[in-house]
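Beneath this line is the structure, given in structure tokens, with notes to follow.
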Amino acid sequence: MLSRGEQGPPPLLTLEDVGRAFDVSRPWLNRVIEGTPRQLLHAVDGVSFEVRKGETFALVGESGCGKSTIARLIVGLYAPSRGRIEFDGVRISDPETRVATAKLRRRMQMIFQDPYASLNPRWRVRDIVAEPIRVLGLAADQAEITSRVGVLLKQVGLAPEDGDKYPHEFSGGQRQRISIARALSGSPDFLVCDEPTSALDVSVQAQILNLMTELQSRLGLTYLFISHNLAVVSHVADRIGVMYLGRLVEIADAEELFARPKHPYTRMLLDAVPDLEMSGRQRTPVAGEVPNPLSPPTGCAFHPRCPQANERCKTERPNLIWRAEVASACHAVEENRI
Amino acid sequence: MNLRALWGHDVTYSFRRSPVAVGAAMMTVVCIGGALLAPWLAPQNPFDPSALDLNQAFMPPAWVAPAEARYLLGTDDQGRDILSTIMYGARISLGVGVAAVLFALVLGVTLGLLSGYLGGRLDAFIMRVADIQLSFPAILIALLVDGVARVALPADSHGEIAIPVLIFAIGISGWVQYARTVRGSTLVEKNKEYVQAARVIGRSPLAIMLRHVLPNVMGPVLVIGTIHIATAIITEATLSFLGVGVPPTRPSLGTLIRIGNEFLLSGEWWITLFPGIALVTLVLSVNLLGDWLRDALNPRLR
Amino acid sequence: MSSAPATVLEIKNLSIEFPTRRGKLLAVDSISFSIAPGEVLGVVGESGAGKSVTGAAVIGLLDPPGRISGGEIRLEGQRIDNLSHDEMLRVRGRRIGAIFQDPLTSLNPLYTVGGQLVETIRTHLDVGAGEARERALGLLREVGIPAPEARIDHYPHQFSGGMRQRVVIALALCAEPRLIIADEPTTALDVSIQAQIIQLLKKLAREHGTAVMLITHDMGVIAETADRVAVMYAGRVAEIGPVREVVRDARHPYTVGLMGSIPKIRIASAKMHAPLVQIEGAMPRLNAIPPGCAFHPRCGKSFDRCKAERPEPRAVGSNLAACWLYE
């Protein structure tokens with residue numbers, strides 16, 4: 001499936017058939033008494049993609065589609081139940097090689113969604129930003145730490161004096177800047193950004209998105225950008241993966257995806273983006289809602305909501321198939337029905 | 001933090017605005033001050049045999065004839081000044097209470113933090129032990145520990161180790177509420193993104209527990225601790241009243257009440273009444289202080 | 001009422017303050033607007049702009065110690081800002097319905113959906129149990145719940161998020177109120193569901209002639225639903241006008257910046273990474289609102305007068321904009 005490495009920069013991160021299931025069973029005693037079986041939630045189910053050096057790869061999907069789980073699998077907050085994750089050619093998903101890959105892991109950092117929960121309220125900002133420097137031993141003495149923190153704070157648009165304050169003295173946007181400064185302080189080259197702007201007001205969101213784009217070009221960073229908002233993604237992404245119920249349904253270059261979406265779910269998402277140009281475009285709101293991931297539909301998970309679904313879609317699960325630069329997991333696309 | 005910032009701080013403000021809290025704090029300060037400074041303030045050292053005069057036994061309080069003005073609250077069967085015994089007794093009571101709470105707090109917070117953060121079998125084990133312990137009254141556990149200690153330790157050393165045993169007994173019976181509270185808050189905190197960020201940076205679980213989680217779960221612990229001091233003093237008094245607590249040579253408030261109890265029906269009511277009032281005052285003011293602290297630190301009630 | 005009044009809701013110079021120990025905070029500072037029957041007025045602004053507080057004041061559910069410190073609120077000509085608690089109880093629910101962000105907290109988990117609808121209908125309308133149930137069924141059908149005959153006896157937790165919000169809308173409509181306050185009704189929902197709920201809200205307002213005050217931070221929702229928009233900034237109305245005009249031809253510099261900072265899908269451009277328009281700085285906190293025009297420290301076009309005098313809304317084209325540029 002990933003046979004298309006011949007062009008473009010080499011991949012920095014590769015996921016191959018990665019899956020993660022969570023045990024959401026009731027406690028043992030309840031299971032015995034009520035006679036209910038163990039229950040597994042397949043949050044991520046066989047996902048493969050690669051992120052190339054220097055690009056922004058975006059994962060898009062509605063809540064519960066597994067995109068945040070993928071972020072946590074990559075940075076090592078969860079261990080995958082199956083599949084492999086490679087960073088710069090080295091497998092990092094293996095629990096046995098954890099220690100050996102610790103050095104590699106330093107090269108990736110994460111920016112979280114909620115700026116109110118991602119900073120320890122009892123720490124001063126300078127200690128928050130300096131934590132990676134201290135833990136990774138990147139500075140020789142306190143003076144060097146102080147100067148590096150000052151530079152980092154300036155880099156994200158804050159003043160070095162802001163280091164003396166506590167997080168609650170800052171607005172949401174400023175907190176997200178602190179979060180970015182912390183992520184950058186370990187000098188990573190890969191950032192996983194989990195909905196970094198969805199908790200912010202729009203005018204602040206624009207500031208943060210611009211800052212992230214600027215930092216990327218200045219520091220040569222690679223981003224995995226996770227968002228539910230297609231409009232935001234269109235401003236930052238080079239390539240986009242669309243997820244539905246734990247599986248990737250489409251991967252394409254950003255331009256291609258917005259101009260010629262293939263998968264019916266991608267089309268639906270695009271159609272649901274509010275029309276701010278006031279062009280009077282008629283929208284057809286999609287019926288139905290995301291099914292319960294505990295009991296996903298048979299065959300293609302999207303078939304109950306899909307206008308193109310036929311008998312094959314109800315029984316046979318479509319695989320992600322590459323055609324030129326676009327991959328989609330859809331029988332209708334494969335059969336040229338749409 | 002300078003004084004001005006402290007004065008303007010939200011908690012200080014809520015303190016200044018609460019007459020009950022100010023009153024309780026003043027009473028607590030009087031009780032603690034009286035207890036700590038007993039050797040200098042008390043009219044008499046009740047444990048110095050040379051200062052005692054058996055002729056002065058059973059003197060009533062100063063306002064009841066035939067009183068002597070120097071015994072404000074009267075004397076007991078051995079001629080000890082009641083006010084002095086209360087001040088010295090409060091020392092023991094407070095000391096045992098605070099030490100027992102510190103012991104319970106450290107034990108409970110440690111176990112709760114480990115239980116909540118690491119989870120799994122350790123969590124299940126600690127919490128089941130806590131459940132089992134909760135099904136016994138605290139006083140029973142303290143009695144049990146005390147009984148075991150009496151049997152296990154040499155009889156002649158009982159006088160010296162009675163107080164450490166008492167502290168251990170009261171402390172061990174109180175750790176569960178700390179462990180449960182801390183475990184609950186830890187479960188909440190550990191899923192917050194700042195903890196995840198620390199994990200991504202590569203911090204060890206121990207460092208995350210101590211540096212990140214612990215400072216954020218201590219608020220409720222301090223409240224429980226304050227209220228627990230009052231409970232611990234009561235437990236100590238109960239044990240001493242039952243005769244298993246501190247030795248009669250170094251009486252606490254509970255011992256004084258027990259001793260006085262024997263004379264209650266023969267008319268010398270002051271021997272038991274005044275230590276009782278002292279105990280109630282001390283416990284009540286510590287309790288009110290704890291209640292206020294709980295409200296002041298709880299953002300939902302503000 | 002002999003004839004339908006021209007406005008359902010009229011707010012005049014409304015101010016709302018929160019007394020704190022460090023002084024009074026003006027959450028809403030002398031704002032005025034009105035809503036006509038069947039009209040959807042979008043109230044948009046960033047967090048802290050005072051939009052939700054305004055909504056809460058209209059339904060009489062201001063969180064203490066917040067209080068109305070000036071101005072008036074009129075519902076169909078009758079003042080409701082000075083009603084007693086009991087009088088307000090009769091207005092709320094009967095004449096003003098409310099839809100909140102989280103559908104789960106608006107529904108009682110212990111009662112069936114039908115039970116809650118019937119109870120609300122019978123509290124406000126003089127109908128029997130059987131008729132109330134018929135009405136409840138009709139409402140559920142109207143808000144697009146499939147198989148309402150079966151679903152009416154289900155509990156809220158048996159509904160999905162989108163369906164629950166539909167039930168909340170039915171609940172808000174069941175006493176046939178004249179006005180609905182919808183505070184972030186789609187924020188908790190997935191994008192594909194948002195569109196469905198928006199369409200439903202708009203359709204129902206049209207059909208019932210209900211006025212809607214739609215409070216949201218999402219300009220996309222406003223553009224899809226509202227007839228007119230009020231843009232709030234730091235407790236004041238910066239601009240108000242027909243939705244098309246505000247979205248496409250904003251006059252107030254804040255609205256211009258706000259519209260520019262919203263990411264839009266760009267299909268044509270090859271390199272899509274052109275920076276977004278951004279407004280420098282952040283909205284002031286309530287205890288530090290600058291004198292004059294509250295927006296002047298962030299405004300690229302401000303001049304001396306903006307720093308000293310507060311601009312009142314004045315007509316600019318079909319909009320009202322509070323800006324000295326249009327003096």
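Keep in mind that what you see is a predicted model, and the values were worked out from it rather than measured. Per chain, numbering begins at 1; letters A, B, ... match sequence-line order.
Annotation: the span from A:Y78 atom OH to B:Q196 atom CD amounts to 6.5 Å, rounded to 0.5 Å. Atom OH in B:Y194 sits 12.5 Å away from atom CZ in A:F112 (nearest 0.5 Å). For the atom pair CG (A:L77) and CZ (B:R199), the distance works out to 5.0 Å, reported to the nearest 0.5 Å. A:N120 contributes atom CG, which lies 9.5 Å from atom NZ of B:K192 (distance to the nearest 0.5 angstrom).
At a 4.5 Å heavy-atom cutoff, the contact between A:L136 and chain B is made by side-chain atoms alone.
A pairwise comparison of heavy atoms in B:V200 and A:Q109 identifies CG1-OE1, 3.6 Å as the closest pair. Nearest heavy atoms, B:R203 versus A:V135: NE-CG2, 3.1 Å.
Looking at heavy atoms from C-beta onward, B:H212 lies in side-chain contact with A:E131 at the 4.5 angstrom threshold. In this structure, the side chains of B:I201 and A:R182 come closer than 4.5 Å at one or more pairs of heavy atoms.
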